[in-house]
Every structure is written in C-alpha cells, then in structure tokens.
J.: 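Please see the structure below; I have some questions.
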Amino acid sequence: MLKAENIKLSFGENEVLKGISLEIQKGQVISIIGPSGSGKSTFLRSLNFLEIPKKGKISFDGKTYDVERISKKEVNELRKYTTMVFQNYNLFKNKIALENVIEGPVIVKKMDKKEAKKQGMEILKKVGLEDKADSYPNQLSGGQQQRVGIARAIAMNPKVILLDEPTSALDPELIGEVLKVIKDMVKEHMTMIIVTHEMQFAREISDYIIFMDNGVIIEEGTPEKIFVYSENERLKNFLQRYSDN
C-alpha cells in the first residue's frame with residue numbers, strides 16, 4: 001500500500017535520515033520508537049513532504065514517486081493519501097471544534113457543507129466530543145484538543161493516518177483518553193504509522209515496530225521480537241531506560 005525506500009534527508013551538513021525504508025499494508029499499525037533526535041518525526045513528516053527528502057522513493061498503491069524529481073502536482077497528489085496528527089494539535093484557534101473537523105472535507109474535498117457537518121458530528125461523537133462541537137480550542141483541555149485533531153484526520157478519510165507523538169504535549173492524566181481513541185481506531189482497522197514514546201501502548205497496538213537511532217533503523221519486527229527476543233544491545237538499553245522511569 002505505502003512503501004518508502006531509502007529515504008535520505010539532511011538539514012545543512014546534518015544528515016538526519018540516512019536511508020530509511022518502510023512498507024505498510026492496509027489495516028496495519030506500525031509504531032516508530034527511539035530516543036529524541038533519532039529522526040522519527042522527520043521521517044514521518046517526509047512521507048507527506050512536510051519535510052522534503054533529498055533522496056529516495058515513495059510508492060502508494062503501486063505508483064512510485066522519485067523524491068528528487070517529484071513535481072508540486074505529484075506532492076499534492078501524495079498528500080491526498082495521508083493526514084497528519086501533530087504533537088501540538090495545530091488546530092485553528094479561531095474556529096470551533098466542528099469547524100476544525102470539517103475544514104479539510106469542505107475546502108480540499110469540496111464536500112457539501114451540510115453533509116460535512118453531519119459527518120463531523122458523527123466523528124466527534126466517535127472520539128467522545130459531541131458535546132464540545134461548539135467549543136473553541138482555548139476552551140478545551142489538551143487531551144480534548146488532540147482528540148479534535150484526530151477527528152480532523154479521520155474526516156479526510158485518508159488511506160494512512162500519520163500520528164507524530166500524539167501524547168507528548170499532554171499532562172499524564174490526559175494521555176489515557178487520547179490512547180483510548182487511537183485503540184478504537186485500531187479496532188476499525190485504520191492504517192496508521194505512529195511515532196510514540198509510550199512503549200506499552202506501542203506493544204499492545206502495533207503489528208510491527210521500528211526502532212530508530214541516529215537516522216537509521218537499528219531493529220525492526222513484531223512487538224514480540226522487539227520487546228522480548230531482541231538481542232540488540234542499543235535497543236535493550238533504550239527499553240531498560242523506559243522501564244526504569
């Protein structure tokens with residue numbers, strides 16, 4: 001379904017991604033874990049060209065794009081396949097929750113506004129925020145804002161949802177409500193790539209896990225392989241630090 005091959009990206013002299021490859025099938029959940037600064041979020045953002053890769057190929061449903069030769073039209077085409085859930089919500093502060101959710105379907109997909117509102121309310125209900133439809137972001141908790149962000153992503157009906165550390169900006173007591181929504185999405189077989197530092201969560205919901213460090217993939221495999229059977233010392237040290245916290 002989605003395939004990234006040998007993705008490389010640099011910021012000046014700093015080589016952030018040194019050849020990352022990933023393949024995900026419809027309905028799969030892949031989690032990307034690793035220490036801060038390992039390139040996880042940069043790689044996720046490169047999949048829809050929020051960051052521009054320098055080399056590599058990205059394929060969707062059999063159509064391959066060479067990132068060195070990709071046109072603006074092809075970038076926009078690629079972006080239709082994915083939506084992003086950001087660390088810091090990125091909601092429109094001057095729009096109520098429902099308006100945030102329907103913005104994409106109405107503006108990008110040219111959906112009828114009445115139909116978009118009906119769909120938006122159904123999705124807000126799904127994430128437990130039907131009663132907050134008329135609230136502005138500053139009237140919502142961090143967890144509620146992130147759930148609006150997830151609802152906005154679902155509303156675009158993408159082939160793949162990219163979640164960039166969706167709980168990292170939240171107070172500990174709010175993390176659970178966001179993780180519950182994502183677990184519900186897993187039950188509906190939504191295709192997702194998640195950058196996360198929630199190890200137990202990644203272990204529970206993932207079909208496949210990638211461990212990145214210093215711009216490369218150090219280890220990858222099933223949750224069982226990563227958390228139980230891996231002999232990779234770098235990965236074991238990383239997981240040990242999390243279990244000690």
Side-chain angles (χ1 to χ4, degrees), residues 1-2 4 22-33 40-41 43-45 47-48 50 60-61 79-91 97-98 100-105 108-109 111 116 118-133 137 140-170 172-210 222-223 226:
M1 184 183 187
L2 165 62
L22 169 152
E23 187 168 0
I24 188 169
Q25 303 300 326
K26 185 176 181 180
Q28 267 195 321
V29 177
I30 292 180
S31 290
I32 304 176
I33 63 173
K40 309 182 300 296
S41 293
F43 174 63
L44 197 72
R45 291 168 65 87
L47 293 176
N48 67 352
L50 288 173
F60 253 113
D61 289 344
R79 284 176 174 163
K80 289 179 181 177
Y81 293 116
T82 65
T83 54
M84 192 94 172
V85 176
F86 298 91
Q87 294 181 34
N88 295 309
Y89 330 131
N90 280 28
L91 300 180
L98 180 59
N100 268 280
V101 172
I102 71 171
E103 177 85 1
V108 179
K109 294 197 162 188
M111 184 184 285
K118 182 182 177 186
Q119 174 190 271
M121 287 302 297
E122 289 171 355
I123 297 170
L124 284 172
K125 184 176 182 179
K126 191 177 289 187
V127 300
L129 290 175
E130 188 179 22
D131 61 332
K132 300 293 185 181
L140 301 173
S141 70
Q144 290 169 337
Q145 288 184 65
Q146 190 60 289
R147 283 188 279 156
V148 173
I150 292 171
R152 178 178 59 184
I154 295 171
M156 291 299 289
N157 193 28
K159 294 196 173 185
V160 183
I161 297 179
L162 310 173
L163 299 102
D164 184 15
E165 300 206 29
T167 62
S168 67
L170 299 178
E173 67 268 20
L174 300 177
I175 289 173
E177 65 188 58
V178 173
L179 296 185
K180 180 185 181 301
V181 167
I182 298 172
K183 287 178 181 177
D184 289 341
M185 293 161 67
V186 173
K187 291 175 188 173
E188 294 190 19
H189 306 291
M190 293 185 187
T191 311
M192 292 184 278
I193 303 174
I194 306 171
V195 170
T196 184
H197 56 270
E198 300 288 338
M199 294 302 113
Q200 186 57 38
F201 170 70
R203 186 172 181 172
E204 286 176 22
I205 60 104
S206 304
D207 298 295
Y208 199 80
I209 295 177
I210 290 171
T222 63
I226 294 296

J.: More than 12 heavy atoms of other residues, nucleotides or ligands under 6.0 Å from NZ of Lys109: yes or no?
T.: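 More than 12 heavy atoms, drawn from other residues, nucleotides or ligands, come within 6.0 Å of this atom.
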J.: Rounded at 0.5 Å granularity, tell me how far CG in Leu98 sits from NZ in Lys118.
T.: 14.0 Å
J.: Any idea which heavy atoms bring Leu124 and Ala151 closest together, and the distance?
T.: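 Looks like CD2-CB, 4.2 Å.
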J.: Any donor and acceptor pair, going by atom type alone, linking the side chain of Gln146 with main-chain N or O of Phe86 inside 3.5 Å?
T.: yes
J.: With distance as the sole test, does Arg147 use its side chain to make a donor-acceptor pair with the main-chain N or O of Val127 at under 3.5 Å?
T.: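 Yes; at least one donor-acceptor contact below 3.5 Å.
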J.: Under a 3.5 Å distance rule, please check whether Thr191 uses its side chain to pair with a backbone N or O of Gly27 as donor and acceptor.
T.: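 At least one qualifying donor-acceptor pair exists.
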J.: Looking at side-chain heavy atoms only, is the closest gap between Met84 and Ile161 below 4.5 Å?
T.: no
J.: If we ignore hydrogens and angles and just use 3.5 Å, is the side chain of Arg203 paired with the main-chain N or O of Pro223 as donor and acceptor?
T.: no
J.: Is there a side-chain contact between Ile210 and Ile226, using heavy atoms and a 4.5 Å cut-off?
T.: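 No. Closest side-chain heavy atoms not under 4.5 Å.
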J.: If you look at every heavy atom in Ser41 and Gln87, which pair is closest and at what distance?
T.: OG-NE2, 3.8 Å
J.: Please step through side-chain contact (heavy atoms from CB on, under 4.5 Å) for the pair Val160 and Met1, ending with a clear verdict.
T.: CA-CA 9 Å; Val160 183; Met1 184 183 187; 4.2 Å; yes
J.: Could you walk me through whether Lys159 and Thr82 satisfy the side-chain contact (heavy atoms from CB on, under 4.5 Å) test, starting with their C-alpha distance in whole Å, then the side-chain angles of each, then the deciding distance to 0.1 Å, before giving a yes or no?
T.: CA-CA 6 Å; Lys159 294 196 173 185; Thr82 65; over 6 Å; no
J.: Would you name the heavy atoms of Gly142 and Leu174 that are closest together and state the gap between them?
T.: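 It is N-CD1, 4.0 Å.
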J.: Tell me, with the steps shown, if Tyr89 and Asn100 meet side-chain contact (heavy atoms from CB on, under 4.5 Å).
T.: CA-CA 11 Å; Tyr89 330 131; Asn100 268 280; over 6 Å; no
J.: What residues form a ring pair (Phe, Tyr, Trp, His ring centres under 6.0 Å) with Tyr208, not counting sequence neighbours?
T.: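 Listed in chain order: nothing, the list is empty.
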J.: Mind checking whether Lys40 and Asp164 have side chains closer than 4.5 Å, heavy atoms only?
T.: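 Heavy-atom side-chain distance check fails, nothing below 4.5 Å.
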J.: Where the side chain of Ser141 meets the backbone of Gln144, is there a donor-acceptor pair that is under 3.5 Å apart?
T.: yes
J.: Atom CE in Met156, atom CE in Met111: separation rounded to 0.5 Å?
T.: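 Between Met156 CE and Met111 CE, I get 8.5 Å after rounding to 0.5 Å.
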J.: Could you tell me if the side chain of Met192 sits less than 4.5 Å from the side chain of Val186, heavy atoms only?
T.: yes
J.: Do Thr196 and Glu165 make a side-chain contact, defined as non-hydrogen atoms from C-beta onward lying under 4.5 Å apart?
T.: no
J.: Would you call Val29 and Met185 a side-chain contact if the rule is heavy atoms closer than 4.5 Å?
T.: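 Of all side-chain heavy-atom pairs linking Met185 with Val29, none is under 4.5 Å.
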J.: Please report the closest heavy-atom contact between Pro105 and Ala155, naming both atoms and the distance.
T.: CG-O, 3.6 Å
J.: With a 4.5 Å limit on heavy-atom distance, are the side chains of Val148 and Val101 in contact?
T.: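 In contact.
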J.: To the nearest 0.5 angstrom, please state how far the CD1 atom of Ile194 sits from the CG atom of Leu162.
T.: 10.0 Å
J.: Take atom NZ of Lys26 as the centre, draw a 6.0 Å sphere, and report whether it contains more than 12 heavy atoms from other residues, nucleotides or ligands.
T.: no
J.: So, do Tyr81 and Asn48 sit near enough that their side-chain heavy atoms are less than 4.5 Å apart?
T.: no
J.: Restricting to side-chain contact (heavy atoms from CB on, under 4.5 Å), what partner residues turn up for Glu103, sequence neighbours left out?
T.: Phe92, Lys95, Ile107
J.: Give a yes or no on whether the backbone of Ala116 and the side-chain of Gln119 come within a donor-acceptor separation of less than 3.5 Å.
T.: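 Answer holds: no.
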J.: Can you name the closest pair of heavy atoms from Val85 and Pro166 and give their distance?
T.: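 Of all heavy-atom pairs spanning Val85 and Pro166, the closest is CG1-CB, 4.5 Å.
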J.: Apply the side chain to side chain contact (heavy atoms under 4.5 Å, CB included) test between Leu2 and each candidate in Ile193, Asp61, Ile30; give the one that qualifies.
T.: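 Option passing the side chain to side chain contact (heavy atoms under 4.5 Å, CB included) with Leu2: Ile193.
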J.: Work out which heavy atom in Gln145 is nearest to a heavy atom in Leu140; give both atom names and the distance.
T.: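 That would be NE2-O, 3.3 Å.
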J.: Taking only residues two or more places apart in sequence, or in another chain, which ones meet Thr83 in a side-chain hydrogen bond (donor to acceptor under 3.5 Å, both in side chains)?
T.: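 If we apply the side-chain hydrogen bond (donor to acceptor under 3.5 Å, both in side chains) test to Thr83, skipping adjacent residues, there are no hits.
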J.: Just how far is it from atom CD of Gln28 to atom CD of Glu23, taken to the nearest 0.5 Å?
T.: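 CD of Glu23 is found 8.5 Å from CD of Gln28.
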